Amino acid sequence: MRITVIGAGAIGLLAAAKLSSTHEVLLLTRTNEQAELISSKGICLDEETIHINAIPLNELNTVQSTDLYIICTKQYDVKSVWDKLVSHAAAPVLFLQNGMAHTDMLLSAVFDYPIVVGSVEQGAVRVDQQRVLHTGKAVIRLANLTGNSAEMLVQHLHDPNFPFIFEKDWHRMLGRKMIANAVINPLTAIYRVKNGELLDCPAFCVIAQKLCEEAAEALDFEFAEQWEYVRRIIMATKDNRSSMLKDIEAGRQTEVESISGYVQKHARRAVPYTDFVYYSILGLTRQQERTSL
Ligand SMILES: NC(=O)C1=CN([C@@H]2O[C@H](COP(=O)(O)OP(=O)(O)OC[C@H]3O[C@@H](n4cnc5c(N)ncnc54)[C@H](OP(=O)(O)O)[C@@H]3O)[C@@H](O)[C@H]2O)C=CC1
Ligand SMILES: CC(C)(CO)C(=O)C(=O)O
């Protein structure tokens, strides 16, 4: 397949490098500098160098034809990329974000190509503009948001070294991961602890359960089953510092809007614990921005 990957961060570099072993991949970056660097030096994935063509997104009009677009930006950059892509795309578009705010945006828009959403269980860390570490080897799950392309895409993209799995229900697939993020990410960022501490400390665990209860109810998930899933994720990632904790510490914007913000938006009752963590993360982001001035 001819695949256009948009966003050359951790997941974009990983996906472009892995998929290029069997597909023709073009990588669209935010800046000219990164595109030039990748086109001349390639992507360094762990110890391996992979040659990839890259151009900046503002040259999207020069992309002749592609069989699939994959959007690998953070949630808060999806809209600006989508605004550029929406009138240009003539092929399925796959979104690989945590959180669910993009689904509301996409379901209210009008266009005539299929939208596929993905849940990334792989782990990757970008070292610099062209180097990435594959830190967690797992799978990417795909489901149809609109249209019917996901199953066919899984068949084309799946590789034992970079596996894809088809899921029938996009809301279940994204929802269960998002609920885990709605519990783990803000709490670890506020308390400044590793994921495992949320189960090790009984007091933190009480708050984690309250957040899980609110999010599960907002999304119509069964609490006990969802809490078991959240516990499994916490145990499997007990030594991790969550992405939100890292973002807060680095003074970067977080994805709280598309995680806790999505729970708030879809709740049919008051969600006081979610409100508390949502506003706490916004406050911490602002505080961090001010101290880094
Ligand atoms: N990393 C991981 O292990 C995992 C990540 N995810 C999810 O995957 C998504 C991507 O995460 P991740 O790769 O870590 O994030 P990164 O911040 O590493 O990468 C995002 C990339 O998007 C680029 N970008 C932003 N705006 C544009 C634009 N207008 N045009 C082109 N490129 C743009 C950024 O460019 P620039 O650097 O120039 O600003 C950056 O390279 C997130 O939703 C995250 O939650 C899910 C599971 C695991
Ligand atoms: C699963 C978890 C919580 C792992 O740290 C994650 O997805 C994140 O940090 O964003």
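Everything numeric in this text was worked out from a predicted model, so none of it was measured. Each ligand, and each atom within it, is numbered from 1 in the order the structure gives.
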Is T31 in polar range of ligand 1, meaning some N or O pair under 3.5 Å apart? no
Ligand 1 to Q34 polar contact by distance, N or O atoms, under 3.5 Å: no
Protein contact to atom 24 (N) of ligand 1 [nearest heavy atom, distance to 0.1 Å]: T73 CG2, 3.7 Å
Of all protein heavy atoms, the one nearest atom 23 (C) of ligand 1 is G7 CA, 3.9 Å
For atom 42 (C) of ligand 1, the closest protein heavy atom turns out to be E255 OE2, 3.4 Å
Tightest non-hydrogen contact, residues W82 and M105, listed as CD1-CE, 3.4 Å
So for ligand 1, is A10 a polar contact partner (N or O within less than 3.5 Å, distance only)? yes
For ligand 2, give me the residues whose heavy-atom distance to it is below 4.0 Å, by chain and number please. N98, K177, N181, I184, N185, N195, I233, N240, S242, S243
Using atom types as modelled and distance alone, determine if a side-chain donor or acceptor of Q34 lies under 3.5 Å from a backbone N or O of A8. yes
Protein heavy-atom partner closest to atom 11 (O) of ligand 1 - residue, atom, separation in Å: K74 CE, 3.9 Å
Minimum-distance protein heavy atom relative to atom 48 (C) of ligand 1: Q122 O, 3.3 Å
Are the side chain of S80 and the backbone N or O of D77 linked by a donor-acceptor pair below 3.5 Å? yes
When clusters are formed by joining ILVMFWY residues with side-chain heavy atoms under 4.5 Å apart, either directly or through shared neighbours, do L133 and F162 land in the same one? no
Option among V116, L107, L174 that satisfies the side chain to side chain contact (heavy atoms under 4.5 Å, CB included) test with L145: L107
Nearest-neighbour protein heavy atom for atom 39 (O) of ligand 1, which is reported as residue plus atom name and distance: R30 NE, 2.9 Å
State whether a side-chain donor-acceptor pair under 3.5 Å links N98 with K177. yes
Give the residue, atom name and distance (to 0.1 Å) of the protein heavy atom nearest atom 19 (O) of ligand 1. G9 CA, 3.1 Å
Right, does atom 28 (C) of ligand 1 have protein non-hydrogen atoms nearer than 4.0 Å? yes
